[in-house]
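First comes the structure, then the notes that go with it.
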Amino acid sequence: MERPSGDTTVYKYTSAGRLTSEVRTGQAEYYRYYEYNPDGSRFSVSRGDALNGAHWELYGYDEVSGRLESVIDLWSGTVNSFVWN
């Protein structure tokens with residue numbers, strides 16, 4: 001619990017130690033829900049707050065290297081692409 005606001009953030013994890021949810025209640029409320037691929041890489045994040053609204057992001061990876069290639073927000077249509085050298 002934070003002081004002086006009294007806001008509370010609750011974190012939940014899988015048995016493997018991966019973060020599955022982060023939910024804050026109080027003055028600065030927000031939520032984040034995480035899903036993972038079988039290899040442990042992030043599959044998606046569902047997130048929302050009063051300032052930025054709700055978003056659902058899917059993560060895409062290069063099949064050969066396994067490196068992150070893109071994060072696509074299915075609700076806003078925003079695509080963030082990554083290039084590695």
Side-chain angles (χ1 to χ4, degrees):
M1 178 181 294
E2 293 185 16
R3 302 261 189 245
S5 72
D7 287 7
T8 301
T9 306
V10 176
Y11 301 92
K12 293 186 181 178
Y13 298 87
T14 67
S15 58
R18 293 186 185 100
L19 182 63
T20 58
S21 68
E22 173 182 349
V23 178
R24 180 180 174 136
T25 57
Q27 295 177 13
E29 293 183 354
Y30 72 85
Y31 67 86
R32 307 277 187 276
Y33 297 102
Y34 304 92
E35 293 181 291
Y36 298 90
N37 293 309
D39 67 359
S41 61
R42 184 168 290 162
F43 173 74
S44 72
V45 175
S46 175
R47 62 185 175 87
D49 59 55
L51 181 63
N52 299 302
H55 298 273
W56 183 25
E57 299 165 331
L58 295 183
Y59 289 67
Y61 300 88
D62 178 79
E63 291 183 23
V64 175
S65 69
R67 291 181 174 169
L68 182 64
E69 282 188 323
S70 64
V71 179
I72 302 168
D73 187 328
L74 295 178
W75 294 344
S76 73
T78 302
V79 176
N80 292 291
S81 299
F82 304 91
V83 178
W84 302 88
N85 54 352

Give the table of side-chain donor-acceptor pairs shorter than 3.5 Å for residues 78-85, with sequence neighbours excluded, one pair per line with atom names and distance.
from, atom 1, to, atom 2, distance (Å)
Thr78, OG1, Ser76, OG, 3.0
Trp84, NE1, Leu68, O, 2.7

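In this structure Tyr33 satisfies the ring pair (Phe, Tyr, Trp, His ring centres under 6.0 Å) test together with Tyr31, sequence neighbours excluded.
A 4.5 Å side-chain heavy-atom check between Asn37 and Tyr61 finds at least one atom pair inside the cut-off. Counting heavy atoms from C-beta outward, Trp56 and Ser44 have side chains that approach closer than 4.5 Å. Side-chain contact between Asn52 and Tyr30: absent, with no pair of heavy atoms (C-beta onward) separated by less than 4.5 Å.
Linking Ile, Leu, Val, Met, Phe, Trp and Tyr residues whenever their side-chain heavy atoms come within less than 4.5 Å places Val71 and Val45 in a single cluster. Tyr34 and Leu74 sit in two unconnected hydrophobic clusters of ILVMFWY residues. Membership requires side-chain heavy atoms under 4.5 Å apart, directly or through other members.
Residue pairs that meet the salt bridge (charged side-chain N to carboxylate O under 4.0 Å, His left out) test with at least one member in residues 36-47, sequence neighbours left out, are Arg47-Glu57. Among residues at least two apart or in separate chains, there is no salt bridge (charged side-chain N to carboxylate O under 4.0 Å, His left out) pair with a member in residues 62-85. For residues 10-30, the set of pairs meeting the salt bridge (charged side-chain N to carboxylate O under 4.0 Å, His left out) definition, not counting sequence neighbours, comprises Glu2-Arg24, Asp7-Arg24.
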Could you check Asp49 against Arg32 for side-chain contact (heavy atoms from CB on, under 4.5 Å), going step by step and ending with a plain yes or no?
CA-CA 9 Å; Asp49 59 55; Arg32 307 277 187 276; 4.0 Å; yes
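Side-chain atoms of Tyr11 do not come within 3.5 Å of backbone N or O of Thr20 as any donor-acceptor pair.
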